[in-house]
**Q** 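I have a structure here, written as structure tokens, and I will follow up with some questions on it.
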2 protein chains.
Amino acid sequence: MVAALAALAEPHRQQILDLLLDGPRPVGDLVAALPVSQPAVSKHLRVLRDAGLVDVRVDAQRRLYSIRPEPLRAVDEWLAPYRRLWADRLDALERHLDRTAHTEGEPS
Amino acid sequence: MVAALAALAEPHRQQILDLLLDGPRPVGDLVAALPVSQPAVSKHLRVLRDAGLVDVRVDAQRRLYSIRPEPLRAVDEWLAPYRRLWADRLDALERHLDRTAHTEGEPS
DNA sequence: TGGTTATATTCCTTGACGGTTATATTGCCG
DNA sequence: CGGCAATATAACCGTCAAGGAATATAACCA
């Protein structure tokens, strides 16, 4: 689970996963969509695969990568106890008391 | 959001958050519970605070740290599209065995 | 077979991160 | 005030990750 989070904690890898949401894609497509070199993408894919987050299928010279959601489900389950925090405890109250400058990133 | 994930992708920081699930705690408690030095814990807390994941309240010489769940909610929301992947693809079996307390899964 | 395409791997450099020790800061109490 | 307790910051070190360039590998095609 920690491994999955570590893999996700890198913007380009997140971007790759987001691209794969539309279905399997060859490496070339990902390279075209990312601002880094092909070897860099290949290495990110390796990390994602080691974390169990993607799957590869060989298609001639291409390799089609697709999402393997299991580790994400583990993350989802890890979130469970925290979900209570914004579900029934704080929520509106938190937002109200909130004095810290939060320059939050936007979801996705 | 990426920032939050990066902060979570470190076992000791995850452990700190898990400890804070039981409520606010002074740094000393965390130091006692973790296998690293006090400065190390302080630095982790700094990272967590910068990521908006914890809040500090001053109590005499102590600082009480508590969870700020917003960034976790952002992660939760980021997970949403992926949740479909294990909801409607792989897990006819899982759904069958369903032991998880997911009250928010809507019937299709 | 040779060449071209698609992807992976190697090597190297650079920068960030986590850890420790030492020191600064701040508040309490005698 | 002096000293202790709790925490933060500074300075430094070793390791690791991300990036590019170059190269290897593998499959297709002429």
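In the text below, chain A, chain B and the rest are named by the order of the sequence lines, each starting its count at 1.
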**Q** Mind checking whether Leu8(B) and Val2(A) have side chains closer than 4.5 Å, heavy atoms only?
**A** no
**Q** Calculate the interatomic distance between Arg46(B) atom CZ and dC17(C) atom C1'; express it in whole Å.
**A** 15 Å
**Q** Closer than 4.0 Å, any side-chain N/O of Tyr65(A) to the OP1 or OP2 of dA6(C)?
**A** no
**Q** Strictly below 4.0 Å: does Arg13(B) bring a side-chain N or O up to OP1 or OP2 of dG18(C)?
**A** yes
**Q** Under a 4.5 Å cut-off applied to non-hydrogen side-chain atoms, are Arg83(B) and Asp76(B) in contact?
**A** yes
**Q** Between dG15(C) atom P and Glu10(A) atom CD, what is the distance in whole Å?
**A** 17 Å
**Q** Are Leu64(A) and Val58(A) packed together at the side-chain level, in the sense that at least one heavy-atom pair is separated by less than 4.5 angstrom?
**A** no
**Q** Nearest whole angstrom, please: distance from the C1' of dA8(C) to the CG of Leu48(A).
**A** 15 Å
**Q** Sequence neighbours excluded and cut-off under 3.5 Å, please list the side-chain donor-acceptor pairs for residues 43-57 of chain A, or say none.
**A**
{"residue": "His44(A)", "atom": "ND1", "partner": "Arg13(A)", "partner atom": "NH1", "Å": "3.2"}
{"residue": "Arg46(A)", "atom": "NH1", "partner": "Asp50(A)", "partner atom": "OD2", "Å": "3.4"}

**Q** Please check if the side chain of Tyr82(A) supplies one atom and the backbone of Asp18(B) the other of a donor-acceptor pair under 3.5 Å.
**A** yes
**Q** Give the residues of residues 32-44 of chain A touching DNA chain C, defined as any heavy atom closer than 4.0 Å, sorted by residue number.
**A** Gln38(A), Pro39(A), Ser42(A), Lys43(A)
**Q** Nearest 0.5 Å please: distance from the CG atom of Leu17(B) over to the CD atom of Glu10(B).
**A** 11.0 Å
**Q** First and last nucleotide of DNA chain D touching chain A, 5' to 3', heavy-atom cut-off 4.0 Å?
**A** dA18(D) to dC28(D)
**Q** Below 4.5 Å, heavy atoms only, C-beta onward: do Leu72(B) and Leu85(A) meet side chain to side chain?
**A** no
**Q** With rounding to the nearest 0.5 Å, note down the distance linking CG in Asp22(A) to OG in Ser66(A).
**A** 13.0 Å
**Q** At under 4.0 Å between heavy atoms, how does the protein contact nucleotides 25-30 of chain C? Give one character per nucleotide, 5' to 3', with B, S or -.
**A** --BS--
**Q** Of all the heavy-atom pairs spanning Met1(B) and Trp78(B), show the shortest one and how long it is.
**A** CE-CG, 3.3 Å
**Q** Which residues pass the side chain to side chain contact (heavy atoms under 4.5 Å, CB included) test with Ala9(B), sequence neighbours left out?
**A** Leu5(A), Ala6(A), Ala9(A)
**Q** Can I get a per-line list of side-chain donor-acceptor pairs under 3.5 Å for residues 24-39 of chain A, giving both atom names and the distance, sequence neighbours left out?
**A**
{"residue": "Ser37(A)", "atom": "OG", "partner": "Ala40(A)", "partner atom": "N", "Å": "3.4"}
{"residue": "Gln38(A)", "atom": "NE2", "partner": "Ser42(A)", "partner atom": "OG", "Å": "3.2"}

